[in-house]
Participant: 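Got a structure here, written out as structure tokens. Questions coming.
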Number of protein chains: 2
Amino acid sequence: MPTPHYGQPRYRVIADALRERIESGAIPPGALLPTESALIAEFRVSRGTIRHAIAALREQQLVVTDHGRGTYASSGRPGSGIDEDSARETRQRQVAADTELAALFAVEVGTALVEQQRVSRTNGTVGTVIRTYRMLRAKQ
Amino acid sequence: MPTPHYGQPRYRVIADALRERIESGAIPPGALLPTESALIAEFRVSRGTIRHAIAALREQQLVVTDHGRGTYASSGRPGSGIDEDSARETRQRQVAADTELAALFAVEVGTALVEQQRVSRTNGTVGTVIRTYRMLRAKQ
DNA sequence: AGAAATTTGTCCGTATGTATC
DNA sequence: AGATACATACGGACAAATTTC
């Protein structure tokens, strides 16, 4: 099979499926995810794609992987039981330029800019929020 | 060639080398990193290893990658004051938390946060504006 | 204690798709 | 349209940590 990644790439589809199992409780916190081999068989993709999907979950700190052991669903927090719906780690949206951004980019106030927001947590608590602003890509 | 990854894996060695260039100012904020092809030639490793290294930097939010364009250095960090022109573009101030920031940091709306703003220019024109928010007391 | 099996980690090479220049 | 550059996906091979026998 060639590699036409129409729509969503497969690793992301797989990552979403696994995230769904974790968030629905099908794979409770602390439990092992299926092994890479099992996921390869289930989704019929190569190992690299499975590892890519798991890496994406790891980036979102939804799982933890131990060499030689396996990948565990992240253990929420012992005792707390309920976890707020955690904000997305990264998000992208369009915002209107405030006066300062407008001055920097040399555009009118209110011009649409792309804002990318990244949240980094340390031990579950938010450490920093980074917002990056760019111009919309205009053809050059 | 087998794959003896004695000591540090190569992708991490490469990631460290690139991080060093960024933090030293050799690759200033906003500048493009060498292309994957160039890095392949320089370090004499496969493309996958280069991409692994860059993915590690991306995880640390030290770089940002644009499809078809390249990978940009995102933000150096203080300590190596080589970029004087970009230093003037850096500003720090206190701001009141908006509703979203307040939710992320789990504080009251209006709580004072530290906002650090960095402006990256490419050929004189503003490329990106990065605003980083932190709690006041938190050390990082 | 030791060997084998299991499981994740690293690395390579190739091919093709998609976005940008 | 062509060249360049990053993205996705496959397959194979060997290394390292853990568990099992």
Side-chain angles (χ1 to χ4, degrees), chain A residues 1-18 27 30-59 62-74 90 92 114 116 134-140, chain B residues 1-18 27 30-59 62-74 122-123 125 127-128:
Chain A
M1 259 121 197
T3 313
H5 38 285
Y6 302 119
Q8 290 249 313
R10 306 168 74 158
Y11 80 87
R12 204 173 305 167
V13 173
I14 295 170
D16 288 341
L18 293 176
I27 302 178
L32 276 172
L33 269 64
T35 67
E36 293 180 354
S37 304
L39 294 172
I40 289 168
E42 177 182 350
F43 292 100
R44 312 239 203 103
V45 295
S46 74
R47 191 170 165 224
T49 302
I50 293 296
R51 288 181 61 77
H52 198 162
I54 292 180
L57 297 177
R58 200 160 35 225
E59 243 172 87
L62 231 82
V63 300
V64 175
T65 301
D66 279 358
H67 191 167
R69 297 181 92 104
T71 296
Y72 298 86
S74 94
T90 82
Q92 193 166 354
V114 177
Q116 184 168 13
R134 303 175 216 278
M135 294 282 289
L136 286 171
R137 298 272 180 235
K139 271 312 189 181
Q140 292 184 0
Chain B
M1 269 151 263
T3 312
H5 39 286
Y6 301 119
Q8 293 257 93
R10 314 190 26 175
Y11 79 87
R12 201 173 307 166
V13 172
I14 295 169
D16 288 342
L18 293 175
I27 303 178
L32 277 173
L33 268 65
T35 68
E36 293 180 353
S37 304
L39 293 172
I40 289 168
E42 176 181 351
F43 291 100
R44 280 181 275 166
V45 295
S46 75
R47 186 151 173 249
T49 301
I50 293 296
R51 287 181 60 77
H52 198 161
I54 292 180
L57 296 177
R58 199 158 39 222
E59 233 170 282
L62 226 80
V63 301
V64 173
T65 301
D66 279 0
H67 192 163
R69 293 190 153 214
T71 297
Y72 297 85
S74 178
T122 310
N123 300 332
T125 66
T128 60

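So you know, we letter chains A, B, ... as the sequences are listed, proteins then strands, and number each from 1. The model shown is predicted, which means the values in this text are computed figures rather than measured ones.
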Participant: Do you know the tightest heavy-atom contact between B:R44 and B:R10?
Facilitator: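 For B:R44 and B:R10, the tightest heavy-atom pair comes out as O-NH2, 3.8 Å.
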
Participant: A:E36 has an atom CD; how far is it from atom P of D:dG11, in whole Å?
Facilitator: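 Those two atoms, CD and P, are 15 Å apart.
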
Participant: Taking only the side-chain nitrogens and oxygens of B:R69, find out if one of them lies under 4.0 Å from OP1 or OP2 of C:dC21.
Facilitator: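 For C:dC21, OP1/OP2 do have a side-chain N/O of B:R69 under 4.0 Å.
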
Participant: If I take atom CG from residue B:L18 and atom CG from residue B:L62, how far apart are they, to the nearest 0.5 angstrom?
Facilitator: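 Those atoms lie 10.0 Å apart.
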
Participant: Could you tell me the separation between the CZ atom of A:R58 and the CD atom of B:E59, rounded to the nearest 0.5 Å?
Facilitator: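 Going from CZ on A:R58 over to CD on B:E59, the span is 8.0 Å.
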
Participant: Could you state the CZ-P distance from A:R44 to D:dA9, rounded to the nearest angstrom?
Facilitator: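 Roughly 16 Å, once rounded to whole Å.
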
Participant: Hey, what do you get for CD1 (A:I40) to OG1 (A:T35), rounding to the nearest 0.5 Å?
Facilitator: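 That separation rounds to 8.0 Å.
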
Participant: Quick check on contacts: within residues 49-58 of chain B, what sits under 4.0 Å from DNA chain C by heavy-atom distance?
Facilitator: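 Heavy-atom contacts with DNA chain C come from B:T49, B:H52.
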
Participant: May I have the distance from A:Y11 (atom OH) to D:dA7 (atom P), rounded to whole angstrom?
Facilitator: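 Interatomic distance, OH of A:Y11 to P of D:dA7: 9 Å.
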
Participant: Using a heavy-atom cut-off of under 4.0 Å over every strand shown, decide if A:G70 touches base, sugar-phosphate, or nothing.
Facilitator: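 Sugar-phosphate, no base atom in range.
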
Participant: Separation of B:D66 atom CG from D:dT4 atom C1', in whole Å?
Facilitator: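 Spelled out: CG on B:D66 to C1' on D:dT4 is 15 Å.
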
Participant: Which value, rounded to the nearest 0.5 Å, describes the distance between B:E36 atom CD and B:L39 atom CG?
Facilitator: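 So the CD of B:E36 and the CG of B:L39 are separated by 8.0 Å.
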
Participant: Rounding to a whole Å, what distance do you find between B:Q8:CD and C:dC11:P?
Facilitator: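 It works out to 10 Å between those atoms.
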
Participant: Write down the distance between NE2 (B:H67) and C1' (D:dT4), rounded to a whole number of angstrom.
Facilitator: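 The answer, rounded to whole Å, is 11 Å.
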
Participant: Classify the side chain of B:R47 versus the base of D:dA5 as yes if they form a donor-acceptor pair under 3.5 Å and no if they do not.
Facilitator: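 No.
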
Participant: Whether B:R10 contacts C:dC12 is assessed here as follows: a side-chain N or O lying under 4.0 Å from the phosphate OP1 or OP2. Is that the case?
Facilitator: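 So the side-chain polar atoms of B:R10 do come within 4.0 Å of the phosphate oxygens OP1 or OP2 of C:dC12, strictly under.
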
Participant: Which heavy atom in B:I27 sits nearest to a heavy atom in B:P34, and how many Å separate them?
Facilitator: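 B:I27 and B:P34 have their closest heavy atoms at CD1-CD, 4.1 Å.
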
Participant: For the side-chain contact (heavy atoms from CB on, under 4.5 Å) test, which of A:V63, A:D66, A:T65, A:L33 pairs with A:Y72?
Facilitator: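 Single side-chain contact (heavy atoms from CB on, under 4.5 Å) partner of A:Y72 among A:V63, A:D66, A:T65, A:L33: A:D66.
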
Participant: Write down the distance between CZ (B:R12) and P (C:dT10), rounded to a whole number of angstrom.
Facilitator: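 Spelled out: CZ on B:R12 to P on C:dT10 is 6 Å.
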
Participant: Atom pairs under 3.5 Å, N or O on each side, protein against nucleotides 1-3 of chain C: can you list them with distances?
Facilitator:
none

Participant: If you measure from CZ on A:R51 to OG on A:S46, what distance do you get to the nearest 0.5 Å?
Facilitator: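 Atom-to-atom, A:R51:CZ and A:S46:OG are 11.0 Å apart.
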
Participant: Grab the CD1-C1' distance between A:I40 and C:dT6 for me, whole Å please.
Facilitator: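 About 13 Å, once rounded to whole Å.
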
Participant: Taking for each residue the nucleotide of DNA chain D bearing the nearest heavy atom, is the 5' side occupied by B:T65 or by A:S46?
Facilitator: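 Here B:T65 is the residue nearer the 5' end.
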
Participant: So how far is it from B:L57 CG to B:H52 NE2, rounded to the nearest 0.5 Å?
Facilitator: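 Atom-to-atom, B:L57:CG and B:H52:NE2 are 11.0 Å apart.
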
